[in-house]
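Please read the structure below before turning to the comments.
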Amino acid sequence: MKIKNYIPFILIVSQIFGLFGGMLQVPRVLAIIFLPVLIKNFHKEILNNKIIVAFFFIYCLDCIISMLFLTENSVNAFKDFCYSLINCVIFIEIVNFSYNRKSAYLLKSWLIYLVLTIPIALIEISYNIHLPNSKFGDDTLIGGVGTEKIYAAITYGNYNLYNYIISISFPFLIACLSVLKRKFIVFTIILLIFYIVLMNGSRGAFICLIISLLIYIIFYSSNSINKKVVIIAVSSFLLTGGIYYIFQSDKFTYLQTRLLSKGLEDNTREEMINIGLQMFIDSKFVGVGASNFSDEAVLYTTSNVVAPHNIFIELISQYGLIVFLLFLALLYYSFSVKHLFEKRKKNYLHYIFVTSLVIFPISHTINSVYLSNPYLWIFLATLYSFSIQFKTAKIPYVTKQVR
């Protein structure tokens, strides 16, 4: 057995270990262990995109400059530098060892990962038992209501992080409907994921799931007007019935409370956006330094919440304009934006790019921080691997199902 053939699968599935290990989280440790294999089996072609190389180089360099000159907390800045290097390795390893693999390989890796999280989540929800690293414990109350909060955080400590990972991986899960023959299994997983998100009460994640489903329906509806009418009518009926059930059920009190009291507004996140932009301006557009958002934010607000809760604000406020623009370029190539508008038959990769791009601004406001965690980079590496296959037409435009 050649370990190099399984490295992307191992890294994707290793997310199941979540925050266990602290700085030495399992994906990070595995990335370091696999480094000699990467060096020995490196595909130089993946460096052809100079923008991607420039982003990781400038990003890591910015962390060093922050550590030396910009931030008083040099320890945290050094941690961010280490994280940026390891995240770069994770990104390259997934892209490198997926280079000549079929796209279904990565999809099934994400499917297996999600399946592994579900039993843990259902046990948490059913028995209110949580792992030791849970941030909230077993007796958290819903603010302003006084009822017990039922949630699933599995190994991520905070259920918002689990909601985030569900959101970004959901288009991969739905795409499995076009790849796998056993659609009943995929349908079952989709329903369970919806249930978990509803119990966690995440408005952002719930919206991401709905958008992903609607885009899939639009993508795979034929040109027949009658069929479209039927699909839209059935979808509307199910959605209306589901919303009615949610508001009639005591199980979803947390989501009801948040929707009724706040709707889609979030004053805390809006304040962090304004503070982040003000930091960016006050720093003369160079940023306040890696891992320095919270230390600077306390100078602008009396709120107890001083995390960015937005990947774009996290980037531009801490790393400045150059890194921010390079990151947008990374997204441009990862989502294969240039090729999304070419005239070709719709396939599941096309669906993944469109959906992931649409929900990206929403899904990346769910958690508090993103850049230091390996999950963002595993996600982007998967998309970039798909992008290479999509651009070079290594998949059939009419999808073929596999077991």
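These numbers come from the heavy atoms of this one structure, side chains and all, not from hydrogens, waters or symmetry mates. We number each residue from 1, following the sequence as shown.
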Should the pair [X] and [Y] be assigned to parallel (<30°), tilted (30 to 60°) or perpendicular (>60°) ring geometry?
{"X": "Phe56", "Y": "Phe91", "result": "tilted"}
{"X": "Tyr370", "Y": "Tyr164", "result": "perpendicular"}
{"X": "Phe172", "Y": "Phe379", "result": "tilted"}

Which value, rounded to the nearest 0.5 Å, describes the distance between [X] atom [atom1] and [Y] atom [atom2]?
{"X": "Lys108", "Y": "Cys176", "atom1": "NZ", "atom2": "SG", "result": "9.0 Å"}
{"X": "Ile196", "Y": "Thr117", "atom1": "CD1", "atom2": "OG1", "result": "6.0 Å"}
{"X": "Leu131", "Y": "Leu19", "atom1": "CG", "atom2": "CG", "result": "10.5 Å"}
{"X": "His130", "Y": "Ile125", "atom1": "NE2", "atom2": "CD1", "result": "9.0 Å"}

Indicate yes or no: at least one non-hydrogen side-chain atom of [X] is less than 4.5 angstrom from one of [Y].
{"X": "Phe353", "Y": "Ser387", "result": "yes"}
{"X": "Phe206", "Y": "Phe194", "result": "yes"}
{"X": "Asn367", "Y": "Asn373", "result": "yes"}
{"X": "Ser317", "Y": "Leu277", "result": "no"}
{"X": "Val37", "Y": "Phe97", "result": "yes"}
{"X": "Ile51", "Y": "Leu330", "result": "no"}
{"X": "Tyr151", "Y": "Tyr162", "result": "no"}
{"X": "Ile273", "Y": "Thr365", "result": "no"}

Working for ring-ring contact (aromatic ring centres under 6.0 Å, His included), residues Phe285 and Phe280: CA-CA 5 Å; Phe285 312 114; Phe280 170 65; 5.0 Å; yes
Examine the side chains of Tyr348 and Ser103 and answer whether a donor and an acceptor come within less than 3.5 Å of each other. yes
With ring centroids as reference points, do Phe390 and Phe386 lie under 6.0 angstrom apart? no
Contacts of Asn274 meeting side-chain contact (heavy atoms from CB on, under 4.5 Å) (sequence neighbours excluded), chain-then-number -> none
Residue from Phe312, Phe293, Tyr59, Phe55 passing ring-ring contact (aromatic ring centres under 6.0 Å, His included) with Tyr319: Tyr59
Could you tell me whether a side-chain N or O of Asn133 sits under 3.5 Å from a main-chain N or O of Thr155, the two making a donor and an acceptor? yes
